[in-house]
Amino acid sequence: SEMDSIAKFGPREEDLNKAKEFFLKSYQEKLRENNFWLYSIADQYFYNINRVTGYEKSVQNITANKVKEFAKSIVDEKNVIQVIMRGKNK
């Protein structure tokens with residue numbers, strides 16, 4: 001599976017860069033939305049979680065090796081469920 005491949009070899013550099021680019025672009029768009037600020041302020045007030053400061057730096061600090069190690073930790077847990085979806089018989 002793709003997850004096994006990432007756990008073994010890490011993500012392709014091109015894929016990682018595209019994902020990081022998407023995260024940063026999406027973040028810039030969300031900064032203009034009231035809903036983002038509503039939830040950010042609520043998280044800060046109720047849970048002391050700051051979702052604004054340092055986001056861009058955190059995304060830039062994501063490395064292929066960090067993604068590989070994270071994927072490996074998930075795959076190594078061996079918690080697997082198989083879901084089969086079938087259409088309704090008529």
Inset, instruction - Measure the spacing between CZ of Arg12 and CD1 of Ile6 and express it to the nearest 0.5 Å. - result: 9.5 Å
Inset, instruction - Enter the distance from Leu31:CG to Gln28:CD here, rounded to the nearest 0.5 Å. - result: 5.0 Å
Legend entry - Heavy-atom neighbours of Glu21 CD exceed 12 at 6.0 Å: no
Legend entry - Cluster overlap Ile62 with Phe22, hydrophobic side-chain contacts below 4.5 Å: no
Legend entry - Side chains of Ser40 and Asp43, donor plus acceptor under 3.5 Å: no
Inset, instruction - Enter the distance from Tyr55:OH to Gln60:CD here, rounded to the nearest 0.5 Å. - result: 11.0 Å
Legend entry - Side chain proximity check, Asn61 to Lys66, heavy atoms < 4.5 angstrom: yes
Legend entry - ILVMFWY cluster, Leu38 and Phe36 together (side-chain gap under 4.5 Å): no
Legend entry - Pair Gln44-Ile49, side chain to side chain contact (heavy atoms under 4.5 Å, CB included): steps then yes or no: CA-CA 5 Å; Gln44 180 69 47; Ile49 297 173; over 6 Å; no
Legend entry - Cluster overlap Phe9 with Phe70, hydrophobic side-chain contacts below 4.5 Å: no
Legend entry - Heavy atoms of other groups near Lys20 NZ, more than 12 under 6.0 Å: yes
Inset, instruction - Please assess Asn50 against Thr53 for the test side chain to side chain donor-acceptor pair (under 3.5 Å), listing each intermediate value before the final yes or no. - result: CA-CA 6 Å; Asn50 186 335; Thr53 305; 3.1 Å; yes
Inset, instruction - Can you see which heavy atom on Ala64 is nearest to which on Pro11, and at what distance? - result: O-CD, 3.4 Å
Inset, instruction - Please indicate whether Asp76 has more than 12 foreign heavy atoms, meaning atoms of other residues, nucleotides or ligands, lying under 6.0 Å from its CG. - result: yes
Inset, instruction - Answer yes if Val52 and Val59 sit in the same cluster of Ile, Leu, Val, Met, Phe, Trp and Tyr residues linked by side chain heavy atoms under 4.5 Å apart, and no otherwise. - result: yes
Inset, instruction - Treat each ILVMFWY residue as a node, draw an edge where side-chain heavy atoms are under 4.5 Å apart, and state whether Tyr47 and Ile41 are in one component. - result: no
Inset, instruction - Find the distance between OG (Ser58) and OH (Tyr27) and round it off to the nearest 0.5 Å. - result: 9.5 Å
